[in-house]
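Notes follow once the structure below has been shown.
Just the heavy atoms: all of them, side chains too, but no hydrogens, waters or symmetry mates, feed the values below. Here the structure is a predicted model, which means the values were calculated and not measured.
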Amino acid sequence: MAKRKLKNRVADQDNSADKQTAKTNTARLTVTAVVTLAVFFIYRLLMNTPYFHIVFIAYLVLATAVILGYVIYNRGFSRRGITVEMLPHDWSEDKKREFIEDGERRIKRSRPLLIMVIAFVFTFAIDIIELYTIPLITELLTK
């Protein structure tokens, strides 16, 4: 009987951790969707103004800066997937652990930049689809 209660407690703790992770991921997805829609709709709204060339250049510069900032801050993702065995043997265990934790910490801290990267990539992808892909498909289907 005691084993069942212990198993149920462990299962409940795992279940609450899973629920917390699900809530966090849902919140991140919601923030990403809201930011993406905001960037996209501002772009579409300003598309019909006479200053669109300035807006387009500003969006390109911002997108480039955010992407480069994300990659540079994460050090080119050189610390992703690294295990303790892959690091030099002359390093101490603390230095190895700190090296790996620093990479994980950088990825977590740069999530806002990733959200902006997704927003700009989505905006430009929709623009490219609208400008090039749809006319091409329409032309192919009308011939």
Side-chain angles (χ1 to χ4, degrees), residues 4-143:
R4 267 191 225 153
K5 286 184 181 179
L6 182 61
K7 285 181 183 179
N8 287 340
R9 286 184 191 160
V10 171
D12 289 341
Q13 289 173 352
D14 291 341
N15 201 9
S16 67
D18 290 343
K19 287 180 182 179
Q20 183 64 29
T21 303
K23 285 182 183 179
T24 304
N25 289 340
T26 303
R28 285 186 194 138
L29 181 63
T30 303
V31 168
T32 302
V34 168
V35 169
T36 301
L37 290 174
V39 168
F40 180 71
F41 284 125
I42 290 170
Y43 180 80
R44 289 301 232 182
L45 181 68
L46 296 174
M47 186 182 279
N48 296 323
T49 64
Y51 305 109
F52 177 66
H53 296 293
I54 296 169
V55 172
F56 183 70
I57 291 170
Y59 263 61
L60 281 177
V61 168
L62 284 171
T64 304
V66 169
I67 291 169
L68 285 176
Y70 183 71
V71 172
I72 290 170
Y73 182 74
N74 285 304
R75 297 184 178 179
F77 305 103
S78 62
R79 296 180 182 196
R80 190 174 196 143
I82 297 270
T83 61
V84 175
E85 294 81 29
M86 296 175 170
L87 297 174
H89 297 292
D90 58 340
W91 284 10
S92 69
E93 291 300 318
D94 290 337
K95 187 173 182 179
K96 290 178 183 181
R97 184 180 40 77
E98 179 59 36
F99 186 84
I100 292 171
E101 287 175 0
D102 182 52
E104 293 170 0
R105 198 170 34 246
R106 285 178 180 272
I107 295 232
K108 287 180 183 177
R109 285 185 185 167
S110 64
R111 283 183 181 149
L113 286 176
L114 181 60
I115 291 171
M116 293 302 297
V117 167
I118 291 169
F120 282 116
V121 167
F122 176 82
T123 300
F124 288 126
I126 294 297
D127 205 26
I128 288 171
I129 289 169
E130 184 181 21
L131 289 173
Y132 295 106
T133 308
I134 293 174
L136 178 67
I137 292 171
T138 305
E139 182 181 326
L140 290 173
L141 292 177
T142 57
K143 285 187 176 182

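- Evaluation of the salt bridge (charged side-chain N to carboxylate O under 4.0 Å, His left out) rule for Arg75 yields Asp102 as partners, not counting sequence neighbours.
- In this structure, CG in Leu114 is found 10.5 Å from CD1 in Ile67, a value given to the nearest 0.5 Å.
- Formation of a donor-acceptor pair under 3.5 Å by the Ser110 side chain with backbone atoms of Leu113 is not found in this model.
- Within 6.0 Å of CZ in Arg80 there are 12 or fewer heavy atoms belonging to other residues, nucleotides or ligands.
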- Query: Where do Arg79 and Glu101 land on the salt bridge (charged side-chain N to carboxylate O under 4.0 Å, His left out) test, with the steps shown first?
  - Reply: CA-CA 9 Å; Arg79 296 180 182 196; Glu101 287 175 0; over 6 Å; no

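- Separating the OG1 atom in Thr30 from the CZ atom in Arg28 is a distance of 12.0 Å, to the nearest 0.5 Å.
- Ring planes of Phe52 and Phe56: tilted class, angle from 30 to 60°.
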Output side-chain donor-acceptor pairs under 3.5 Å for residues 36-44, partner residues at least two apart or in another chain, one line each.
unit_1	atom_1	unit_2	atom_2	d
Thr36	OG1	Thr32	O	2.7
Tyr43	OH	Asp127	OD2	2.6
Arg44	NH1	Glu130	OE1	2.7
Arg44	NH2	Glu130	OE1	2.8
Arg44	NH2	Glu130	OE2	3.4

What pairs of donor and acceptor atoms, side-chain ones from residues 131-143 against any protein atom, are under 3.5 angstrom apart with sequence neighbours left out?
unit_1	atom_1	unit_2	atom_2	d
Thr138	OG1	Ile134	O	2.7
Thr142	OG1	Thr138	O	3.1
Thr142	OG1	Glu139	O	3.1

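- Looking at heavy atoms from C-beta onward, Glu104 lies out of side-chain contact with Ile107 at the 4.5 angstrom threshold.
- Residues passing the side-chain hydrogen bond (donor to acceptor under 3.5 Å, both in side chains) test with Asn48, sequence neighbours excluded: none.
- Annotation for Ile82 and Ile100: closest pair O-CD1, 3.9 Å, computed over non-hydrogen atoms.
- Remark: Arg111 engages no residue in a side-chain hydrogen bond (donor to acceptor under 3.5 Å, both in side chains) (not counting sequence neighbours).
- The CE atom of Met47 sits 10.0 Å away from the OH atom of Tyr59 when rounded to the nearest 0.5 Å.
- Using a 4.5 Å cut-off on side-chain heavy atoms (C-beta onward), Glu98 and Arg105 make contact.
- Scored by the ring pair (Phe, Tyr, Trp, His ring centres under 6.0 Å) test, Phe77 finds Tyr70 as partners (sequence neighbours excluded).
- A distance of 12.0 Å separates CG in Leu62 from CD1 in Ile57, rounded to the nearest 0.5 Å.
- Cation-pi geometry between Arg106 and Tyr73 is met: the NZ or CZ atom falls under 6.0 Å from the ring centre, inside 45° of the normal.
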